[in-house]
**Student:** 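Sharing a structure here in structure tokens format.
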Amino acid sequence: MLVLGIESSCDETGLALYDTGRGLLAHAVHSQVALHEVYGGVVPELASRDHIRRVVPLLRKVLTEAGTGLQEIGAIAYTAGPGLAGALLVGAGFAESLALALKVPALPVHHLEGHLLSPLLSADPPRFPFVALLVSGGHTQLMRVSGVGQYELLGETLDDAAGEAFDKTAKLLGLGYPGGPQLAQLAETGRPARYALPRPMLHSGDLSFSFSGLKTAVLTQVRRQEMTDAEKVDLCAEFQAAIVEVLAAKALVALKATRLTQLVVAGGVGANRALRAALDVGTQAAGARVFYPELELCTDNGAMIAFAGAQRLTFGSVVKQAGSFGVRPRWALEEV
Ligand code: KG4
Ligand code: ZN
């Protein structure tokens with residue numbers, strides 16, 4: 001069956017066509033980075049307006065790329081939450097209307113479930129059960145994933161998400177928007193040891209995280225004295241080293257605690273090279289394996305939504321009738 005996936009929870013419009021027999025046929029993403037850049041962050045109203053402009057051209061694009069037509073679509077999956085309410089409503093309204101017109105099921109998908117299952121789209125996918133480290137702009141969680149829809153929260157951040165910490169720290173260092181990837185790029189050329197930032201909750205004995213103090217520690221350093229560009233680069237390196245050390249250490253503790261040997265990393269921060277390097281080394285030493293989604297599927301996209309929707313169809317979860325829907329801007333993954 002051909003499943004159309006629509007993602008519009010934040011500042012990326014993503015559409016994709018996934019076939020349950022043939023795999024991913026096409027996917028296209030429009031990023032709103034340029035639109036929000038001047039404001040230094042996502043402006044929800046502008047995000048919604050832009051999603052509306054992009055969704056039909058992107059649909060045409062994926063249909064052409066896959067060499068198929070609307071009539072071939074068997075189900076439409078869309079991100080129903082969590083995310084920005086207005087942005088979610090664009091995808092949901094469009095998906096539900098199209099599903100009604102085509103007389104096919106509409107599948108509301110949890111955004112994080114999309115991220116969580118995205119490594120299964122790769123050529124060498126993990127098998128259930130596995131531990132998932134979800135690291136995005138809005139979430140930092142460790143989960144035990146036993147199957148589609150079977151998610152047990154092992155630990156999460158008590159305050160800022162890892163991506164949020166990257167973005168906020170980048171902002172206070174005067175880097176552009178979105179800051180995370182830029183900070184990470186600078187960090188690669190810096191020397192971490194020049195500064196000594198804390199490793200929050202590294203030895204807390206549980207699987208909770210806390211990243212807001214790290215951002216404050218950077219702020220304190222920045223306020224102390226005027227910094228040269230070289231010093232800023234070193235501070236970026238130390239900041240990244242601190243986040244990576246905590247994320248990697250807790251992911252390994254989660255593997256040990258669950259006695260599982262597969263770790264799946266998902267969400268935008270999963271694109272971070274230093275994190276990948278630390279997890280590669282750590283899992284190998286622990287006799288475990290780590291799986292990442294394809295780099296282009298790490299950040300928000302329609303492919304992961306189409307795939308999660310297809311899995312839900314395959315595993316027989318209840319499919320509601322098209323036409324009745326609501327979005328859930330706040331929605332815990334364990335509630336799916
Ligand atoms: O999963 P995602 O695309 O959107 C959310 O659902 O939040 O993640 C976006 C987050 C942003 O905070 C961004 O700064 C961060 O992922 N990010 C990175 C990198 N690439 C994206 N953080 C660190 N290093 C990167 N290379
Ligand atoms: Zn995301």
Side-chain angles (χ1 to χ4, degrees), residues 112 130-145 152-170 172-173 179-180 183-184 186-188 190-222 224 232-292:
L112 294 181
F130 53 76
V131 169
L133 173 65
L134 261 177
V135 272
S136 71
H139 295 83
T140 298
Q141 300 182 328
L142 278 161
M143 295 242 153
R144 184 188 204 282
V145 181
E152 182 197 340
L153 183 66
L154 302 170
E156 64 182 332
T157 182
L158 305 176
D159 40 58
D160 289 355
E164 189 179 1
F166 263 97
D167 294 337
K168 286 180 175 172
T169 303
L172 65 88
L173 286 172
L183 194 162
L186 282 183
E188 292 201 357
R191 289 175 306 149
R194 182 172 192 157
Y195 297 96
L197 294 176
R199 272 39 176 179
M201 302 189 77
L202 183 59
H203 302 295
S204 64
D206 61 12
L207 295 171
S208 302
F209 303 90
S210 166
F211 293 119
S212 69
L214 203 47
K215 171 194 69 200
T216 313
V218 171
L219 185 63
T220 309
Q221 189 61 47
V222 169
R224 194 169 290 158
K232 272 191 189 173
V233 167
D234 290 345
L235 189 54
C236 287
E238 171 66 6
F239 170 83
Q240 176 172 273
I243 292 218
V244 164
E245 191 176 332
V246 176
L247 288 175
K250 300 247 170 177
L252 293 175
V253 172
L255 283 175
K256 207 168 173 185
T258 54
R259 297 186 186 186
L260 295 178
T261 54
Q262 297 174 103
L263 175 70
V264 160
V265 184
V269 184
N272 187 278
R273 271 194 277 232
L275 178 63
R276 289 186 172 212
L279 291 173
D280 287 347
V281 171
T283 48
Q284 198 177 14
R289 263 196 79 185
V290 58
F291 298 80
Y292 308 100

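None of these values were measured; they are calculated from a predicted model. Because only heavy atoms are used, hydrogens play no part in the values below, and waters and symmetry mates are left out as well, while side chains stay in.
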**Student:** Sub-3.5 Å donor-acceptor pair from the side chain of K168 to the main-chain atoms of G179, do we have one?
**Tutor:**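 Not a single qualifying donor-acceptor pair exists.
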**Student:** Do you know which two heavy atoms are closest between L275 and G270, and how far apart they sit?
**Tutor:** CD2-CA, 4.5 Å
**Student:** Nearest 0.5 Å, please: how far is CZ in R144 from CG in L260?
**Tutor:** 4.5 Å
**Student:** Taking the side chain as every heavy atom from C-beta outward, state whether D206 and M201 have any atom pair closer than 4.5 Å.
**Tutor:** yes
**Student:** Kindly compute the distance separating CG (L183) from SG (C236), expressed to the nearest 0.5 Å.
**Tutor:**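 Interatomic distance, L183 CG to C236 SG, rounded to 0.5 Å: 4.0 Å.
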**Student:** Can you name the nearest heavy-atom pair linking A237 to A187, along with the distance?
**Tutor:** CB-O, 3.5 Å
**Student:** Would you check if the side chain of E238 reaches a backbone N or O of L197 as a donor-acceptor pair within less than 3.5 Å?
**Tutor:** yes
**Student:** Given L186 and K232, is the side chain to side chain contact (heavy atoms under 4.5 Å, CB included) satisfied, shown in steps?
**Tutor:** CA-CA 9 Å; L186 282 183; K232 272 191 189 173; over 6 Å; no
**Student:** Heavy-atom distance under 4.5 Å between the side chains of Y292 and L279, does that happen here?
**Tutor:** yes
**Student:** Step by step, would you call L112 with Q141 a side chain to side chain contact (heavy atoms under 4.5 Å, CB included)?
**Tutor:** CA-CA 10 Å; L112 294 181; Q141 300 182 328; 4.0 Å; yes
**Student:** When you check the side-chain N and O atoms of S210 and D159, is any donor under 3.5 Å from an acceptor?
**Tutor:**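 There is such a pair between these side chains.
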**Student:** Verify the neighbour count for atom CD of Q284: are there more than 12 heavy atoms of other residues, nucleotides or ligands below 6.0 Å?
**Tutor:** no
**Student:** Looking at L202 and E245, what are the two nearest heavy atoms and their distance?
**Tutor:**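 So the minimum-distance heavy-atom pair works out to CD2-OE2, 3.5 Å.
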**Student:** What distance do L219 atom CG and L173 atom CG have between them, rounded to the nearest 0.5 Å?
**Tutor:**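 One finds 9.5 Å between CG of L219 and CG of L173.
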**Student:** Looking only at heavy atoms, which two atoms of G180 and A170 are closest? And how far apart?
**Tutor:** N-CB, 4.3 Å
**Student:** Quick check: closest heavy atoms across Q240 and N272, and the distance to 0.1 Å?
**Tutor:** OE1-ND2, 2.9 Å
**Student:** Can you confirm whether V218 sits close enough to Y195 that some side-chain heavy atom of one is under 4.5 Å from a side-chain heavy atom of the other?
**Tutor:**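 They are not in side-chain contact.
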**Student:** Determine the minimum heavy-atom distance between A288 and L255, stating which atoms define it.
**Tutor:** CB-CD1, 3.8 Å
**Student:** Would you tabulate the side-chain donor-acceptor contacts of residues 133-140 under 3.5 Å, counting partners in other chains and residues two or more places apart, or write 'none'?
**Tutor:**
residue : atom : partner : partner atom : Å
S136    : OG   : G138    : N            : 3.3
S136    : OG   : H139    : N            : 3.1
T140    : OG1  : A162    : N            : 2.7

**Student:** Between E164 and K215, is there a side-chain heavy-atom distance shorter than 4.5 Å?
**Tutor:**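 No - every pair of side-chain heavy atoms lies 4.5 Å or more apart.
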**Student:** Taking the side chain as every heavy atom from C-beta outward, state whether L154 and T258 have any atom pair closer than 4.5 Å.
**Tutor:**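 L154 reaches T258 side chain to side chain.
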**Student:** Please answer whether the main-chain N or O of L235 pairs with a side-chain N or O of R194 as donor and acceptor at a distance below 3.5 Å.
**Tutor:** no
**Student:** Rounded to the nearest 0.5 Å, how far does CZ of R289 lie from CG of D280?
**Tutor:** 10.5 Å
**Student:** Do L252 and T283 have side-chain heavy atoms sitting under 4.5 Å apart?
**Tutor:**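 Of all side-chain heavy-atom pairs linking T283 with L252, at least one is under 4.5 Å.
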**Student:** Taking the side chain as C-beta and beyond, is there a heavy-atom pair between F166 and F211 under 4.5 Å?
**Tutor:**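 No. Closest side-chain heavy atoms not under 4.5 Å.
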